[in-house]
Amino acid sequence: MEENKKKITTFGLVMMIITAIFGFGNVSNAYAQMGYGSIIWYILAGVCFFFPCGLMMAEYGSAFKDAKGGIYSWLAESIGERAAFIGTFIWLASWIVWMVSTASRIWITFSALIFGKDTTQHWSMLGLSSTEVIGVLGILFILISTFFTTQGMDSISKVGSLGGIFTVVTNIIFLIASLIIIFANHGQLAQPIHGMKDFITSPNPQFQTPIAIISFVVYAIFAYGGMESLGSVTDSMDKPEKTFPRGLIIASLFTIGAYVIMIFMIGFSVNYNSVVAKHGVNLGNITYIVFNQLGVYLGQSLGWSAAASHTTGMLITRFVALTQVLGFLGAMFILLYSPIKSFILGSDKRLWPEKLTCLNKHNMPANAMWLQAIIVCVIIFLVAFGGSAAQRFYLILTDMANVSTSFPYLFLVGAFPFFKKKKIEHSFVAFKNPFWTNLLVIIIEIILSAGIIFTCVQPILDGDFETAFWTIAGPFFFGLVAFIFYQVSSKKHKMK
């Protein structure tokens with residue numbers, strides 16, 4: 001029976017990697033923060049981080065293919081239970097931060113879908129500011145979503161696959177429209193290139209110092225996050241020692257190339273100073289701003305009327321918003337239970353209070369999920385009611401997500417040499433020379449550490465202590481909680 005099981009082909013693997021990694025939001029965020037200057041960082045992150053880490057995750061997955069705990073099992077077998085618990089707790093924190101960000105951003109998406117543009121900055125209710133209204137709505141969204149998911153009503157997660165199809169269509173629309181624009185304008189870019197300096201500097205005043213520019217590496221690494229989810233597929237392949245590296249090379253070249261080309265193509269229709277630098281543009285709505293401008297500029301380039309151009313922009317914006325709604329809902333209803341469930345089931349049950357390990361009649365860890373929901377809601381409330389304007393609010397959410405997502409890779413990559421020393425038998429082996437393996441691990445750890453440190457330091461240098469606090473708080477707070485939690489539980493149950 002096992003031999004008749006359908007194997008993942010090179011093409012199938014390539015599509016899985018691209019689907020898991022690539023996101024247009026990373027393209028628009030890169031352009032908003034660094035303009036053309038983001039391209040070199042996306043290339044470096046792809047070559048120095050994405051490709052080697054992908055091979056490492058594949059080795060982990062091949063060795064622990066039957067483990068229920070995902071990355072917890074990988075780390076526990078490599079560097080021990082304590083470090084694994086802390087590392088996985090921080091990994092779980094990255095998804096909690098993602099929920100905080102998504103529960104807030106999804107209202108921009110709903111606004112763009114209904115009105116064809118972001119109107120959230122004008123929302124007010126009962127004397128609350130627009131950011132506070134978004135916070136209240138985000139809290140309600142998390143509570144309602146958690147309720148339905150704990151009741152086993154997670155079938156809505158299947159809309160995520162429909163969102164995947166819409167995402168492909170969206171990217172095709174962007175590419176075709178951009179090519180029509182550049183031909184119609186005889187090669188003239190909306191964002192002109194004045195020399196090579198445009199590809200190493202940023203038009204954004206917040207990214208002018210060396211520390212600020214280096215901190216952008218976290219944005220680039222975030223764009224390639226999610227590789228750990230692909231580690232377990234190697235044993236579903238025919239000849240994984242050949243299929244995986246071949247598929248990873250093809251997917252890496254495609255993903256890196258797609259990011260580079262699409263960042264550059266935004267400049268076909270979006271002038272940085274007249275569009276991105278305008279008041280009201282932030283990291284929450286930049287994707288819709290880009291697509292609206294794409295539609296408007298397409299109409300202008302083809303000689304359409306102002307009304308027709310404006311309508312085209314709104315229609316494209318609404319389509320993109322629909323795509324994002326489907327994707328957000330699909331992902332939310334999976335991530336509300338999947339990470340925390342795999343962590344609890346994969347780790348030693350003695351570490352957890354009995355109520356958190358219980359599964360309800362729908363096979364969901366309802367108590368743990370409600371605790372998670374409370375934590376998410378508290379963070380949303382504190383950030384939303386911290387007095388930030390919309391622009392800083394979405395910058396805080398973005399920096400929190402970027403650092404929280406990058407931090408677990410410090411554990412996963414750092415544990416890899418210890419994993420290799422264990423000499424656990426596995427079918428896929430990419431790294432055979434200990435010296436070069438250790439050197440590569442050191443380089444990746446330096447890149448990750450530098451990006452995280454500079455992302456945390458830059459707001460402090462700018463006097464923006466609120467952004468600095470929330471950027472740092474996520475991984476360090478959850479890491480500290482995990483350490484104390486493990487120490488108390490292990491001592492209580494006399495675990496080694």
Side-chain angles (χ1 to χ4, degrees), residues 15-29 95 97-120 134 137-177 222-223 225-226 229-230 255 258-259 262 283-292 294-295 312-339 373 376 380 394 397-398 401 405:
M15 295 308 296
M16 286 175 67
I17 294 173
I18 292 171
T19 303
I21 304 300
F22 182 83
F24 190 87
N26 297 321
V27 176
S28 54
N29 280 351
W95 290 119
V97 171
W98 180 87
M99 292 176 204
V100 171
S101 178
T102 301
S104 304
R105 292 174 189 268
I106 198 169
W107 299 100
I108 293 179
T109 307
F110 283 132
S111 173
L113 179 62
I114 297 169
F115 303 108
K117 61 181 180 179
D118 174 23
T119 63
T120 58
I134 292 296
L137 292 173
I139 290 170
L140 291 174
F141 178 75
I142 289 294
L143 294 176
I144 293 170
S145 299
T146 300
F147 172 77
F148 283 121
T149 309
T150 57
Q151 299 305 305
M153 300 179 190
D154 59 320
S155 58
I156 195 169
S157 64
K158 294 175 183 176
V159 304
S161 58
L162 183 61
I165 297 171
F166 277 59
T167 299
V168 172
V169 175
T170 298
N171 289 322
I172 291 173
I173 290 172
F174 175 80
L175 291 170
I176 293 175
F222 179 81
S229 63
L230 300 168
T255 305
Y259 275 136
M262 295 180 84
L283 293 177
N285 62 19
I286 182 61
T287 298
Y288 308 109
I289 297 291
V290 165
F291 273 100
N292 181 71
L294 176 74
T312 303
M314 293 190 71
L315 288 174
I316 293 178
T317 301
R318 282 193 168 100
F319 184 83
V320 174
L322 176 61
T323 301
Q324 294 283 73
V325 165
L326 294 173
F328 281 156
L329 290 177
M332 180 64 77
F333 277 79
I334 291 173
L335 295 172
L336 277 169
Y337 73 89
S338 182
V376 172
I380 292 175
Y394 292 107
L397 292 178
T398 302
T405 301

Any side-chain donor paired with an acceptor under 3.5 Å for Ser28 and Tyr288?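 Their side chains do not contain a donor-acceptor pair, so the 3.5 Å distance test is not met.
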Main-chain N/O of Ile114 paired with Arg318 side-chain donor or acceptor, under 3.5 Å: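 Yes: the side chain of Arg318 pairs with the backbone of Ile114.
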Which pair of non-hydrogen atoms, one from [X] and one from [Y], has the smallest distance, and what is that distance?
{"X": "Phe141", "Y": "Met332", "value": "CE2-CE, 3.7 Å"}
{"X": "Tyr259", "Y": "Gly23", "value": "OH-N, 3.3 Å"}
{"X": "Ala321", "Y": "Thr109", "value": "O-CG2, 3.2 Å"}
{"X": "Ala103", "Y": "Ile380", "value": "CB-CD1, 3.9 Å"}
{"X": "Met99", "Y": "Leu335", "value": "CE-O, 3.1 Å"}
{"X": "Gly138", "Y": "Trp107", "value": "N-NE1, 3.5 Å"}

Rounded to the nearest 0.5 Å, what separates atom [atom1] in [X] from atom [atom2] in [Y]?
{"X": "Thr149", "Y": "Leu336", "atom1": "OG1", "atom2": "CG", "value": "4.5 Å"}
{"X": "Thr170", "Y": "Phe291", "atom1": "OG1", "atom2": "CZ", "value": "6.0 Å"}
{"X": "Phe110", "Y": "Phe115", "atom1": "CZ", "atom2": "CZ", "value": "12.5 Å"}
{"X": "Thr119", "Y": "Asn285", "atom1": "OG1", "atom2": "CG", "value": "10.5 Å"}
{"X": "Asn171", "Y": "Phe22", "atom1": "CG", "atom2": "CZ", "value": "5.0 Å"}
{"X": "Thr120", "Y": "Ile108", "atom1": "OG1", "atom2": "CD1", "value": "4.5 Å"}

Decide yes or no for Leu329 and Ile106: does some side-chain heavy atom of the first lie under 4.5 Å from some side-chain heavy atom of the second?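 Leu329 vs Ile106: side chains touch.
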Thr323 side chain reached by Phe24 side chain, heavy atoms, under 4.5 Å: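 Result no, sub-4.5 Å side-chain heavy-atom pair not found.
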Candidates Thr317, Ile316, Leu322 - the one meeting side chain to side chain contact (heavy atoms under 4.5 Å, CB included) with Val320: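 Looking at Thr317, Ile316, Leu322, the match for Val320 under the side chain to side chain contact (heavy atoms under 4.5 Å, CB included) is Ile316.
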Test side-chain contact (heavy atoms from CB on, under 4.5 Å) on Thr146 and Ile142 and set out the steps. CA-CA 6 Å; Thr146 300; Ile142 289 294; 4.0 Å; yes
